[in-house]
Amino acid sequence: MTLAGTIPDSVPTPPARRASGRPILEIRDLTVDYGYGDERVHALRGVSLTLNEGEVLGLAGESGCGKSTLVYAATRLLPPPGLISGGQVLYYPEDGGQPVDVLRQPEDELRESRWQDTAIVFQGAMNSLNPVYRIGTQITDAIAAHRPGMSRAQRDERARELLSMVGIAPNRIRSYPHQLSGGMRQRVMIAMALALEPRVLIMDEPTTALDVVMQRQIVEQIIELRDRMGFAVIFITHDVSLLIEVADRIAIMYAGEIVEHGPASTMYRKPRHPYTLGLLNSFPPLHGPKQELTGIPGSPPDLQALPSGCRFHPRCPYAFDTCSTVTPTLAHTGVPGESNRQVACWLNENESLLPAPLHITA
Ligand code: SF4
């Protein structure tokens, strides 16, 4: 018997690509605006981030911090009035050839690479299925668009394989979306995204609408599939505690910028930015004794009237004079052994200012 959330051994999966540590997607200095003229707001300001082969990169932050804008801009799926006003998004091909700038790629090449190189499971994916088509038809349509040489029988067979891979009985291929539970519909969306064995899978809040048990099953399944197939994942969520469990690295976003970035394990044990600390304190701890959830006071800033200096200073319990006038930039902490850690906070410039919860220990 196969437990929901595990891949049956009988399902063929391609050999895993190795997690080589080589970049697969490199976002450089990406800037996105919403609106035009006087109404224009900067939704992303100079964001740089690299996804490596085979890794899970978590993007966390409150609603409106720019997580979804970042990935939709990086895949050129940003709807109007979103406008990419600067930067590059380099995709490194599997054969080691020259990287392609996705933002300047011709439309036909971009269409070809979508789903095949980079696939997305959209926010609210449970409602993304067409209610009047059987799920098998929806999966095979996606395959037919990219693999015109496959016969109908081959496409159907592939759809059955994909359903098995995500823990759904292959005979459900003839089911309509309304005949499936919320968790099953979400799994169908994951199966569709993996239909062409992409190298990058982007998941935009894939488990938000699910109960915690189903959430865990889906997350475990994504990681199991990643281990077997070797794709890299960008996992977007507001639940940083979930990322601690699944991500290799985490980038924390606030008001359109990355404010902390580093390995998931060290970020959990030692957050360096007060906002990361606040996010961690907004969810029950995964281990250890119960503690009171403190959350973060206030709400994210209006992008049309951003605070001066550090964008987080009106909500930061550790703010001091400099914070309201000078904007900190994302920089390495300088702590020995933390070369892969970056923080945008003045406290990290001067260890004597650090409050106990953020105190640096190597
Ligand atoms: Fe808080 Fe100042 Fe650090 Fe901003 S720079 S997070 S206001 S301590």
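Remember, predicted model here, so these are calculated numbers, not experimental data. Counting convention: from 1, in listed order, for ligands and their atoms alike.
If you look at C316 next to ligand 1, the close heavy atoms, those under 4.0 Å, all belong to the side chain.
For ligand 1, the atoms lying closer than 4.0 Å to a non-hydrogen atom of H273 are 6 (S). Shown in contact with P274 at under 4.0 Å from a heavy atom are these atoms of ligand 1, numbered in order with element: 1 (Fe), 6 (S). Taking every heavy atom of L347 and a limit of under 4.0 angstrom, the matching atoms of ligand 1 come to 8 (S). Against a heavy-atom cut-off of under 4.0 Å, C323 is close to the following atoms of ligand 1: 2 (Fe), 5 (S), 7 (S), 8 (S). Distances below 4.0 Å separate heavy atoms of W346 from the following atoms of ligand 1: 3 (Fe), 5 (S).
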**OP:** Please report the C-alpha distance between R104 and D101 in whole Å, then the side-chain angles of each, then the deciding distance to 0.1 Å, and finally whether the salt bridge (Lys or Arg N to Asp or Glu O under 4.0 Å) criterion is met.
**Re:** CA-CA 6 Å; R104 289 158 186 86; D101 186 354; 2.4 Å; yes
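A salt bridge does not link R226 with E224: none of the charged nitrogens is closer than 4.0 Å to a carboxylate oxygen.
The closest protein non-hydrogen atom to atom 4 (Fe) of ligand 1 is C310 SG, 2.3 Å. At the top of the distance list for atom 3 (Fe) of ligand 1, counting protein heavy atoms only, stands C345 SG, 2.3 Å.
With sequence neighbours excluded, the residues forming a side chain to side chain contact (heavy atoms under 4.5 Å, CB included) with D156 are T140, R152, R160, listed by chain and number.
In summary, the side chains of Y254 and R315 do present a donor paired with an acceptor at a separation below 3.5 Å, with no hydrogens or angles considered. A donor-acceptor pair shorter than 3.5 Å cannot be found between the side chains of E338 and H332. Looking only at atom types and distance, the side chain of D29 has no donor-acceptor partner in the side chain of S48 under 3.5 Å away.
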